[in-house]
Amino acid sequence: MTAQAEIERAEETEAMTVREAIRMGLREELERDEDVYLMGEDVGKFGGVLEVTSGLWEEFGDERVRDTPISEAGFIGAATGAAATGTRPVAELMFSDFMGVSMEQIMNQMAKMRYMFGGKTEMPVTVRTTEGGGMGAASQHSGTVHAWIAHFPGLKAVAPGTAAAAKGLTKAAVRSDDPVFVFENKMIYEQQGEVPTDEEFTVPLGEAAVEREGEDVTVVATQRLVGESLQTADSLADDVSVEVIDVRSLYPLDTETIADSVRKTGRLVVADESPLSYGVHAEIVSRVQEEAFFSLDAPIQRIGTPDTHMPFSPPLEQEVLPDGDDVREAIELIT
Amino acid sequence: MADYTLETEEGRREALRRMLTIREFDSTAGDYFADGEIPGFVHLYIGEEAVGVGACAALEPDDYIASTHRGHGHCIAKGLDPKLMMAELFGKQDGYCNGKGGSMHIADVDSGMLGANGIVGAGPPLATGAALSIDYDDREQVAVGFLGDGAVAQGQVHEAINLAATWDLPAVFVVENNRYGEGTPVEEQHNVDDLSDTAGAYDIPGVTVDGMDVTAVAEAVEEARKRARDGDGPTIVEAETYRYRGHYEGDEQPYRDEDEIEKWKEQDPIDRFSELLVDRGELTEEELKELRDEIEAEIEEAVEYAQDAPLPDPSEAYEDMFAEMPPEIERFASQARADGGSLGGDRR
């Protein structure tokens with residue numbers, strides 16, 4: 001389904017930012033299910049360092065919106081143990097760069113317990129975290145690490161590019177009985193979009209969305225690069241018809257929607273802020289060549305961070321941060 | 001009411017039975033591992049029986065425990081079935097984890113056993129999480145995190161205890177100080193005299209007890225459980241014990257000598273407890289022999305059960321990754337299911 005069709009199907013929508021959409025999703029899930037609670041560093045009184053959970057502590061109180069010590073291994077591990085014993089924690093890792101501190105519990109406990117135990121435990125835990133460069137936060141607060149999680153068996157990973165996807169994926173993550181990581185790009189928290197207000201609206205894990213239909217080239221994008229690709233597509237509209245897909249769910253990945261589009265356009269640009277080597281781009285390219293090799297009319301192009309860390313100084317950061325101009329150049333190269 | 005408690009004659013008899021069962025189970029597992037019938041590797045609990053049994057004697061049946069790589073003893077102490085345990089060690093479909101876990105990952109969440117764990121120090125955060133669920137839901141349980149002396153040096157153990165202490169969660173941390181972290185003596189891994197001294201960092205009680213004395217362990221954990229249930233937060237109970245076997249089966253143990261092992265065996269927890277029961281007139285030598293024979297037969301039966309149980313179908317490798325199988329795995333699973341037919345019934 002196209003994203004437009006998804007929005008049109010909704011009875012009521014409201015314009016709001018990605019930040020507000022995530023907050024709305026969290027609030028609705030907290031109201032819907034008493035087993036759900038939030039935990040993380042400064043998610044409560046402070047409202048989250050990037051204000052995503054602002055107001056929820058006032059509404060739901062200490063028990064359900066819990067400030068943790070600065071202790072990522074401890075509280076991610078506790079969320080894992082809690083999910084195995086009957087509650088549904090939603091943990092926030094303030095910046096995805098901090099994931100390394102908690103990686104043991106993520107990779108060896110959260111991801112493996114259901115499997116190692118022969119399916120005899122549920123693991124309904126959600127981990128929300130922020131990613132991405134663009135605000136001068138330097139190398140330890142700007143990383144894009146979602147390929148680690150999407151790569152690791154036993155974990156699901158989503159990365160919304162629009163406000164509607166942000167709400168719908170957040171809710172689907174909380175409702176899932178599997179561990180789901182929600183990767184929020186911090187540069188699009190202020191991005192506006194129409195969001196279904198229906199409390200039952202979710203975006204199923206594993207479904208991409210066609211955000212803009214086109215005939216000549218497919219841009220498969222994630223997070224901030226979805227919006228930038230849409231702008232680029234509009235700016236090129238007189239010369240080339242660009243289809244833009246928001247991947248939304250990194251794992252499971254909606255191979256079908258992407259392959260269908262490439263069968264139609266014959267050309268593909270993959271745009272994701274991860275470092276280029278061994279990552280999301282490579283996975284999408286592989287699946288497309290498996291499914292639609294004979295439909296390809298040109299080499300697939302990849303737009304990502306060129307295997308550097310995110311530097312601090314603005315001209316350095318802008319040099320390596322992929323953007324709509326990079327997408328335009330890639331489109332022009334193959335059309 | 002607990003499964004068994006050291007406060008009654010019947011309960012003490014049950015505690016002795018479980019200690020003997022652990023020893024027989026692990027001796028037997030060691031033998032079958034040496035014969036090559038048990039794949040992978042095994043870490044045996046022999047010598048440490050009083051710790052697991054003492055701790056679990058102080059618990060209620062629905063309390064949680066998070067175990068270690070040396071987990072067989074915790075399983076039996078918590079009441080898991082040796083037949084299903086042995087089947088798991090043999091990699092069989094009927095094992096606790098359908099053969100997916102093995103010795104290092106035996107679990108039975110429904111019995112409150114949150115898993116043996118191959119990562120040193122990974123259990124305490126899980127115990128803190130179970131305690132968080134208990135607290136969040138206002139349930140009457142506690143969660144016990146077992147850890148070895150080596151794990152006390154792990155960062156995530158500190159984070160877990162700090163979180164449990166800060167939130168006054170109903171958790172208990174039982175440190176099994178068996179004198180060696182893998183092959184390195186405890187003195188070379190820690191700067192404190194007693195590992196329970198670390199409790200001071202969290203302003204919680206820390207006690208060190210004789211881990212070769214099941215009663216001493218049970219009393220300390222009972223006190224810790226009471227404190228946890230009263231809403232006063234966790235306790236660290238250090239039990240000083242000793243493993244008679246190597247870190248893993250096949251460990252040549254260049255780090256210690258036979259004299260040291262023999263000296264600890266003079267404190268054997270099963271001998272001490274059975275002698276106590278005999279002295280108190282609760283058990284005769286004859287009854288003890290009968291009990292040993294009964295357990296020997298029970299473990300023999302467990303081995304037969306494990307040997308006779310079917311191996312998992314190869315297609316089972318694709319099950320249980322997620323609540324719902326994603327297409328990425330489904331394409332392999334369906335192929336394996338299609339291939340599985342050719343194996344017929346001969347999967348033993």
Side-chain angles (χ1 to χ4, degrees), chain A residues 34-35 37 39 63-64 66 68-89 101-102 104-105 107-125 153-156 176-179 205-206 249 251-256 287, chain B residues 64 66 88 93 95-102 104-110 112 114-115 117-119 121-137 139 141 143 145 154-156 158-164 166-167 169 316 319-324 326-329:
Chain A
E34 284 194 351
D35 287 341
Y37 51 95
M39 60 196 285
E63 287 292 304
R64 303 197 64 201
R66 310 174 77 106
T68 65
I70 303 170
S71 206
E72 289 85 4
F75 76 77
I76 291 292
T80 303
T85 52
T87 56
R88 306 181 76 88
V101 183
S102 56
E104 199 298 301
Q105 283 289 323
M107 67 184 285
N108 280 313
Q109 315 302 327
M110 185 191 291
K112 293 180 182 171
M113 279 170 72
R114 176 193 289 275
Y115 188 76
M116 294 192 303
F117 298 176
K120 294 192 187 70
T121 186
E122 299 289 316
M123 191 50 70
V125 55
L155 305 171
K156 292 181 174 176
S176 172
D177 285 333
D178 291 315
L205 306 177
S249 177
Y251 193 95
L253 177 65
D254 184 355
T255 312
E256 197 182 333
R287 295 203 194 191
Chain B
Y64 292 107
E88 186 60 33
Q93 178 66 34
Y96 268 111
C97 309
N98 308 130
K100 284 213 184 74
M104 258 190 301
H105 309 300
I106 288 194
D108 186 25
V109 177
D110 289 344
L114 298 173
N117 210 310
I119 305 297
L126 300 174
T128 293
L132 172 58
S133 276
I134 293 165
D135 186 56
Y136 185 78
D137 283 346
R139 301 183 226 153
Q141 303 152 286
Q154 287 280 28
Q156 61 175 331
H158 161 65
E159 294 194 22
I161 300 176
N162 182 61
L163 186 61
T166 303
W167 286 357
L169 296 179
E316 285 289 322
E319 300 293 332
D320 307 322
M321 281 299 296
F322 294 102
E324 190 183 340
E328 282 83 352
I329 298 174

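Since the model is a prediction, treat every value here as computed from it, not as a measurement. So you know, we letter chains A, B, ... as the sequences are listed, proteins then strands, and number each from 1. The basis for the numbers below is simple: all heavy atoms, side chains too, and nothing from hydrogens, waters or symmetry mates.
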(request) Measure distances from B:F322 to the heavy atoms of chain A and classify the residue's part below 4.5 Å as side chain, backbone, both or neither. (result)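 The answer is both parts of B:F322.
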(request) Among the options B:P326, B:A323, B:P327, B:A122, pick out the one with the most heavy-atom pairs lying under 4.5 Å from chain A. (result)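 With the most close heavy-atom pairs to chain A, the winner is B:A323.
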(message) Below 4.5 Å, heavy-atom pairs only: which of B:H105, B:E319, B:E328, B:R139 has the largest tally toward chain A?
(response)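 Between B:H105, B:E319, B:E328, B:R139, the count favours B:E328.
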Could you tell me whether the side chain of [Y] reaches within less than 4.5 Å of the side chain of [X], counting heavy atoms only?
| X | Y | answer |
| --- | --- | --- |
| A:P69 | B:N162 | yes |
| B:T128 | B:W167 | no |
| B:E324 | A:L205 | no |
| A:M123 | A:T80 | yes |

Under 4.5 Å from any heavy atom of chain B - which part of [X]:
| X | value |
| --- | --- |
| A:K112 | neither |
| A:M113 | side chain |
| A:L253 | both |
| A:S176 | neither |
| A:R287 | side chain |

Best-contacting candidate, [options], against chain B by heavy atom pairs under 4.5 angstrom:
| options | result |
| --- | --- |
| A:M116, A:E122, A:R64 | A:M116 |
| A:E72, A:Q105, A:E63 | A:Q105 |
| A:Y251, A:Y37, A:Y115 | A:Y115 |
| A:N108, A:T255, A:D35, A:D178 | A:D178 |

(request) Kindly confirm or rule out a cation-pi arrangement of B:K100 over A:F117, judged by NZ or CZ under 6.0 Å from the six-membered ring centre and within 45° of its axis? (result)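 No - B:K100 does not lie over the ring of A:F117 by the 6.0 Å and 45° rule.
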(message) Side chains of A:R114 and A:T121 only: does a donor on one sit below 3.5 Å from an acceptor on the other?
(response)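 No.
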(request) Show the numbers, then the answer: is there a side chain to side chain contact (heavy atoms under 4.5 Å, CB included) between A:T87 and B:L132? (result) CA-CA 9 Å; A:T87 56; B:L132 172 58; 5.7 Å; no
(message) Tell me whether B:E88 contacts the main-chain N or O of B:C97 through its side chain, where contact means a donor paired with an acceptor under 3.5 Å.
(response)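 Yes; at least one donor-acceptor contact below 3.5 Å.
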